[in-house]
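Encoded as structure tokens, the structure appears first; notes follow it.
Keep in mind that this is a model prediction, so the values were computed, not measured. Atom set for the values below is all heavy atoms of this structure, side chains included, hydrogens, waters and symmetry mates excluded. Throughout, numbering of the chain's residues begins at 1 and tracks the sequence. For ligands, and for the atoms within them, numbers begin at 1 and follow the listed sequence.
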Amino acid sequence: MAYSRAFNPRRVKFLSRKLHPITFYLVLLVAFFLFTLIYISRKGLEGVGQKAASSEEIRSERVQGDDDILHSKVIMQGEQLWTPSFSFGLHPCVKPTSKYKAAQETNRFITVRSNGGLNQMRTGISDMVAVARIMNATLVVPQLDRRSFWKDSSSFEDIFDVDHFINNLERDVRVIRELPKGLESIPHARRHFGSWSSMGYYEELTHLFKDYQVIHVPKSDSRLANNDLPLDIQRLRCRALYQALHFSPPIEILGKKLVERLRSRKGKYIALHLRYEKDMLSFTGCTYGLTEAESEELRIMRESTSHWKVKKINSTEQRNEGSCPLTPKEVGIFLRALGYPSSTLIYIAAGEIYGGSNQLLELASRFPNLIFKETLASAEELEDFTDHASQTAALDYIISVESDVFVPSYSGNMARAVEGHRRFLGHRRTISPDRKGLVEVFDRIESREMNEGSSLSRKVRKMHENRQGAPRIRRTAAPGVRGRARFRDEESFYENPYPECICTRKRQL
Ligand SMILES: *[C@@H]1O[C@H](CO)[C@@H](O)[C@H](O)[C@H]1NC(C)=O
Ligand SMILES: *[C@@H]1O[C@H](CO)[C@@H](O)[C@H](O)[C@H]1NC(C)=O
């Protein structure tokens, strides 16, 4: 593991000869806490139902013996709602290592069609940048999928700043806007890359360039492994996603404006990614809290959507497994139980909520300051975005990354991408609801065994102590999981780019 180097005892000994004793003591102390942190995170710091110490506990432990300890416990309660997780001096690091060589001009080309929604495309494009680097090929600016469910006709330059993308990656990969004339009409190798493929897989595939100058890749999502790749490739993925793939100027400008507008209202805000769109509910078969007519409508939609393979879903079982998005009402109960006051400003990052404003009543009664794109921006400002799902998603993305607290009501590409970006930027607070645990609690409220009061609050807070986006090394697959299931089980690289792109001060390279 890359980390072991920082704790090499010989190195510590060496330091002790050179440094002032107090500095040495501090180094040891920092090393000890990092070690504790890593040890705990390996054991599943954020694992459900485990009795591992939370980051907040570590933090108190750190000052044990200090006069500060009482003070730190007192500020914890209020601060904990809004501040970034205590991040142990970690910071983003994406610089290449010293062996990294600048990209060279090549006559091998990769063309890509990026599939999926906005965040699937963003992470897929970043992977393709890394793949082009591994294969020593020139990358042609990816085409975006216009046929997918999202039916967005936006081109790459409508969503991303294409000049910035090309220039920013200059040293890493040569990127061009279009295939050179003359290469368009010659035969291309069309190749579906395997999902979660390794470095070796792509090195091997370079043999295709013996017969073809151009490889066309029809899909870009999750084509590269999360783990076991060289540090320079992993960091390139971070540079591609966080530094090269900027949104186009109109999106960036409006996004910033909307963030400022939110801040001018109350200073702090929660961004709630509320997955409660019709297609989401129909696909997951989650009908809890809906009327019979609504459930029926969702069932019919599912059965008539040919590419959704699972048709029969027992909504109760689905919900009990924690596989349903929280309902707006449940989100309301959840956030109140965590201690957010009802005056809290909540930005709703979402598509169209199924059931419309009726469905939001119980959330709005607990948190009257709900804000939507449509109430934050004027009709003129939104005009150019409205028919482009990916562009409105980009606005939601910006507002979510910049929020003080991010809460996704369900997991998905957007939730993962935003969480990872927030970790990268300084472990900004992201609260991931323990949906399975919460459902039990909600059912007890429903059956009146429990009230929305202080005992609920204690329970919910306890349950989420370790689900607030505190630093931890990316989770690998559970020990027993083998084969392809392993890739599904492990945490995605872009959900948590630690340790490769997040470092302690000593390990910059
Ligand atoms: C890419 O180019 C570098 C330097 O020219 C070379 O060392 C490496 O083997 C090449 N990789 C592949 C997969 O062809
Ligand atoms: C769905 O599952 C629940 C719990 O297992 C069960 O009680 C219920 O009868 C099931 N419903 C249907 C329609 O099968």
Side-chain angles (χ1 to χ4, degrees), residues 96-112 126-140 169-176 188-189 191 193-194 196-217 220 223-225 228-237 239-240 281-303 308 310-327 330 435-447 449:
T97 66
S98 55
K99 3 181 252 285
Y100 196 75
K101 294 200 179 65
Q104 285 167 7
E105 180 117 22
T106 69
N107 57 359
R108 308 160 154 192
F109 297 88
I110 294 181
T111 59
V112 176
S126 305
D127 281 355
M128 287 305 128
V129 167
V131 167
R133 168 89 198 180
I134 296 171
M135 297 179 78
N136 287 339
T138 295
L139 181 68
V140 180
L169 291 170
E170 196 174 33
R171 226 179 96 79
D172 303 294
V173 174
R174 205 164 148 253
V175 183
I176 56 176
H188 301 173
R191 193 64 183 235
F193 292 155
W196 298 295
S197 292
S198 65
M199 180 88 176
Y201 173 91
Y202 287 109
E203 281 170 345
E204 168 72 30
L205 270 186
T206 49
H207 77 79
L208 286 173
F209 284 123
K210 290 206 189 97
D211 298 321
Y212 299 93
Q213 243 185 302
V214 184
I215 300 179
H216 176 69
V217 189
S220 64
R223 302 294 111 184
L224 191 58
D228 303 321
L229 292 170
L231 184 59
D232 272 327
I233 292 299
Q234 298 287 50
R235 289 198 173 165
L236 174 55
R237 294 167 101 178
R239 289 200 296 281
L281 295 174
S282 171
F283 174 71
T284 54
C286 293
T287 56
Y288 176 79
L290 298 178
T291 65
E292 211 139 292
E294 287 168 331
S295 309
E296 190 57 13
E297 184 183 30
L298 295 177
R299 186 186 62 77
I300 291 166
M301 180 180 182
R302 180 169 63 252
E303 294 194 343
W308 292 347
V310 185
K311 300 294 181 194
K312 286 222 175 319
I313 300 176
N314 180 326
S315 173
T316 314
E317 284 175 6
Q318 184 85 342
R319 180 167 175 272
N320 290 344
E321 283 157 20
S323 307
C324 286
L326 298 182
T327 66
E330 288 172 338
R435 293 191 303 271
K436 195 169 178 196
L438 282 173
V439 161
E440 281 179 45
V441 175
F442 294 147
D443 284 347
R444 289 172 65 187
I445 295 173
E446 197 64 24
S447 63
E449 284 169 54

Show the nearest heavy-atom pair for residues G285 and R302, with the distance to one decimal.
CA-NH1, 3.3 Å
Any nitrogen or oxygen of T206 lying under 3.5 Å from a nitrogen or oxygen in ligand 1? Just yes or no.
no
Check each N or O atom of ligand 2 against all protein N or O atoms and list the pairs under 3.5 Å, with atom names and distances to 0.1 Å, one per line.
unit_1: ligand 2; atom_1: 2 (O); unit_2: N314; atom_2: OD1; d: 3.2
unit_1: ligand 2; atom_1: 2 (O); unit_2: N314; atom_2: ND2; d: 2.3
unit_1: ligand 2; atom_1: 2 (O); unit_2: E317; atom_2: OE2; d: 3.4
unit_1: ligand 2; atom_1: 5 (O); unit_2: E317; atom_2: OE2; d: 3.1
unit_1: ligand 2; atom_1: 11 (N); unit_2: N314; atom_2: ND2; d: 3.1

Suppose I only count heavy atoms of I134 and a 4.0 Å limit; which atoms of ligand 1 are within that range?
13 (C)
With rounding to the nearest 0.5 Å, note down the distance linking CZ in F193 to CE in M135.
5.0 Å
Could you tell me the separation between the CD1 atom of I134 and the CD atom of E203, rounded to the nearest 0.5 Å?
7.0 Å
Does R223 count as lying over the ring of Y202, i.e. NZ or CZ under 6.0 Å from the six-ring centre, within 45 degrees of the axis?
no
Kindly give the heavy-atom pair with the smallest separation between A225 and R237, and that separation in Å.
O-NH1, 2.9 Å
Pair E303 + R299: basic N to acidic O under 4.0 Å
yes
Just which atoms of ligand 1 are under 4.0 Å from any heavy atom in N136?
1 (C), 2 (O), 3 (C), 8 (C), 10 (C), 11 (N), 12 (C), 14 (O)
N320: which residues meet the side chain to side chain contact (heavy atoms under 4.5 Å, CB included) condition with it, sequence neighbours left out?
T316, V439, D443
